[in-house]
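Before any comments, here is the structure.
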Amino acid sequence: MNVITTRYLFCRSLGPRRTLNVLRLWNLSCCHQHSGSKAPKEESKPEGSRFSPAASSKCDWIGPPDRLSNLRPVIYHIPENETKLERKLRHLRQETEDWNHDFWTNQNITFSQKKEEYIQSQLKAKGLTERDEKGRKRTLNSEEMAAFYKDFLDRNYKRHADYNIEWYRRNFTITMLMARVAMHKAWRRLTGQGREGRKNQTTT
Amino acid sequence: MFKTPCNRLTGLIGVSLSQKLTANLSKGHPSSRSLIQLCRSNPAEWITFQHLCFLRRQYVMKHGGELLQRARPKQERVTSMLEDRDDSEVQQVHQIPAIKPVPSALIPAGGAADLQNEPEAAREARMEARQWKELRVDYGDLPGIYARLSKIKLTALVVTTAAAGYAMAPVPFDPVCFLLASIGTGLASCTANSINQYFEVPFDSNMNRTKNRPLVRGQISPLHAVSFALACGIPGVTLLTFAVNPLTGFLGALNIFLYTCCYTPLKRLSITNTWVGAVVGAIPPIMGWTAATGTLDPGALLLGGFLYSWQFPHFNALSWNLREDYSRGGYRMMSVTHPALCKRVALRHSLALIALPGLGPALDVTTWTFPLISLPINLYISYLALCFYRHGNRQNARKLFFCSLWHLPMLLLLALTCKKSRTSQENSTVPPAAAPLSLQS
C-alpha cells in the first residue's frame, strides 16, 4: 500500500500526460504487490507532501489545500480486485486533479506576479519608493487596483473560457463513470448474494 | 466479585489498541512510534489526553511563548559535537538554514544533522497527517452537509419571497396549497444550489468566501451531490406540477434551468450573468402568485419586478468588495470589467424601487398607502446608491449591501400589510349589479 501510495505522490510532480504513462507502467509492474512492503524512502516523495495513509485503510484520503493551487489533493485507494472501469475512473480523477492543480498554480502565480509588477510600475510612475518611512510595503487603493483586475480578466479571457469548457467536460465524464461504477458494484453485490443464497440452498 | 462489564470492555479495548499500536509500529508508522516511546518512558502513569496537552504546552511555553521545539536547547550539544568532526560536515550543517530543510537532503549529511532536523520534519509530518481526512461520508454530518450544499439560508429567503407572492395573490388563502407550493419551491431551490456547487468546485476552492463548501472539502463525492440534487428536484418539480398547478411546475423547472445552465456558466463568460441572475431571483414570487391563482397576472409581474430591481443594488454592492477574488478566479462581473456601469445600474434600479410601488394601487394589488409608507425605505436605499455612484469606495458599497439585506423583507412586509383586501374589491363591483335589481323592484 505504501509503495502504491507513494507512486501517486511522486506522479503529482510530473505533468498530466507523463503521469498517465507512468501510472500505466507502474500499474503493470506493481499491481499484484502485497501491502506489507517496506516503508518508502524519503527521496521518492515530492517536496511538500509526506503523508501516506495506513496500509489497512480502505478509502481515499483528502488533504489540506495546496499552498499554490488551493485545491485539495486526494490519495486514491486501490482495491485488490479493481475492475477495468474502476481503474479508468481512478486514472481520470488523478489526471483531472493534476491538470486542475497545474492550471490553478499557474493562474495564482501569474496573478501575483502581474499584480506586483503593476504595483511597482504605478509606484514608480508616482515617484514613490516600494516601502514607506516605517518600512511597510506600499499598496495601492482599490480604485487603482481595479484597472489591473480588469486588464487581467480581459487578457486571460480565452484561457479561462477554454478551461471552463474542459472542466465541465471532465467533471461530467467523471460523474458518469462514478455512476457506472456504483451501479456495477451494486449489481455485483446483488448477483453475488443471489449466487451465495442459491449455493446455501443446494448444500442444505 | 462484581466485576462490571465496563472493566472487561476497557480491558478489551486496551488489548486491541496495543495490538494495533504494535502492528503500526512494525510498519514504521511515525506517530505510533513516538507514542510507544512516550508510553515506554513513563510506564507507571498512563498517558491521558490532558497530560499530553500539558506536555505540549510545556514544550511550547518553555521558549518564551514562541512555537519552538524542545530540540533547540540540544543544538549547542550538536554543534559542540560537530566541532570535533571534520570541516566538510560542519559546512553541510551550516548550509541547512539557508535552504528550506528537506529530509532527503539531510540523509547524506550524517547522523548529527538528523538529530537536529528529524524532530522538526517528524513534527511537520505529524501536523500534516492530522490535516488529511478520509474521503468517507460521515452519516452524522449529512444533515449539515446537505444544508450547506443547498445553501439553506438562501433557500429560506427564496421560499419567503414565494410565500409573499402567494400571500399577495387576491384569492382565499389555502393553507395546504400554500404549504405544498413552499415545499416545492424549497426543493427546487435546493436542486439549483447543489448543481451550482457541483459545477464550481475548483473556483470555490480559490475564493475565501466559498472555500469551506462540502464538495470543496471532499465531505461528499460529486456523484452524491448530483444524486441529492436529483432527489430534491424531481419530487419538487413533480409536486409543483401535479399538486399545485402545471404553470408553477413549469416556472420551477425554468428557474432551475436558468440558474444552473445559464447563470452559472455565464459567470465566467460575460457580465450579462447579473441580469440573468436577477430574473432567477424574480421568478419565486411569481411562482407563489401562480400557485394561488393559476394564472400569470400583472400583479405577479409587479412582485417579480420588485425582486428584479432589488437584485442590482444588492449584488453590485456585494461584488464591489470582492473584485480581487473575482479577477483571480476568472469571474466576469460588472464590478471588475465595467465599474462605471456597475454603479450606474445599481443607482438606476434603486430609483426604480421608488417608482414601482406606485403600480401597486394601479394594478389593484395594494392600497394607495403602500407607495407612501414604502417611500422612506426606498428613498434611503436610493440615497445610499447615490453615494455609491458618486464615491465608489468600500464603505459605501458595504453600507448599500447591508441596507439591501433588510430593505427587501421590509418592502414585502409593507406590501403585505397594504394588500388590497378582497371585500373592498367585491364592494367596488357590487353597486352597479344592485342598481338594475332595484329598478326592477
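All values below come from the heavy atoms of this structure, side chains included, with hydrogens, waters and symmetry mates left out.
Taking the side chain as every heavy atom from C-beta outward, B:N206 and A:W104 approach each other to under 4.5 Å. With a 4.5 Å cut-off on side-chain heavy atoms, B:S205 and A:R72 do not count as touching.
In this structure, chain A has heavy atoms under 4.5 Å from both the backbone and the side chain of B:T264. If you measure heavy-atom distances from B:V336 to chain A, the contacts under 4.5 Å come from both the backbone and the side chain.
Across A:L71 and B:P202, no two heavy atoms sit closer than the pair CD2-CA, 3.9 Å. Residues B:V216 and A:I62 approach most closely at O-CD1, 4.4 Å, considering heavy atoms.
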Inset, instruction - Would you sort out whether A:W61 and B:K133 count as a side chain to side chain contact (heavy atoms under 4.5 Å, CB included), showing the intermediate values? - result: CA-CA 6 Å; A:W61 286 71; B:K133 300 258 176 342; 5.6 Å; no
Inset, instruction - Starting from the C-alpha separation in whole Å, work towards a yes-or-no answer on side chain to side chain contact (heavy atoms under 4.5 Å, CB included) for B:S327 and A:L153. - result: CA-CA 6 Å; B:S327 176; A:L153 268 187; 4.3 Å; yes
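In terms of the ring pair (Phe, Tyr, Trp, His ring centres under 6.0 Å) criterion, B:F315 has no residue partners (sequence neighbours excluded). In this structure B:T337 satisfies the side-chain hydrogen bond (donor to acceptor under 3.5 Å, both in side chains) test with no other residue, sequence neighbours excluded.
Annotation: salt bridge (Lys or Arg N to Asp or Glu O under 4.0 Å) contacts involving residues 210-231 of chain B, sequence neighbours excluded, comprise B:D204-B:R213.
Electrostatic pairing of A:D154 and B:R332 counts as a salt bridge here, judged by a charged N lying under 4.0 Å from a carboxylate O.
Residue-level contacts of residues 157-176 of chain A with chain B, in order of numbering, are A:Y157, A:H160, A:A161, A:Y163, A:N164, A:W167, A:Y168, A:N171, A:F172, A:T175; threshold 4.5 Å between heavy atoms.
When atom types are taken as modelled, the side chain of A:Q107 and the backbone of B:R328 share a donor-acceptor pair closer than 3.5 angstrom.
When each of B:S221, B:P265, B:P339, B:S335 is scored by its heavy-atom pairs under 4.5 Å with chain A, the top score falls to B:P265.
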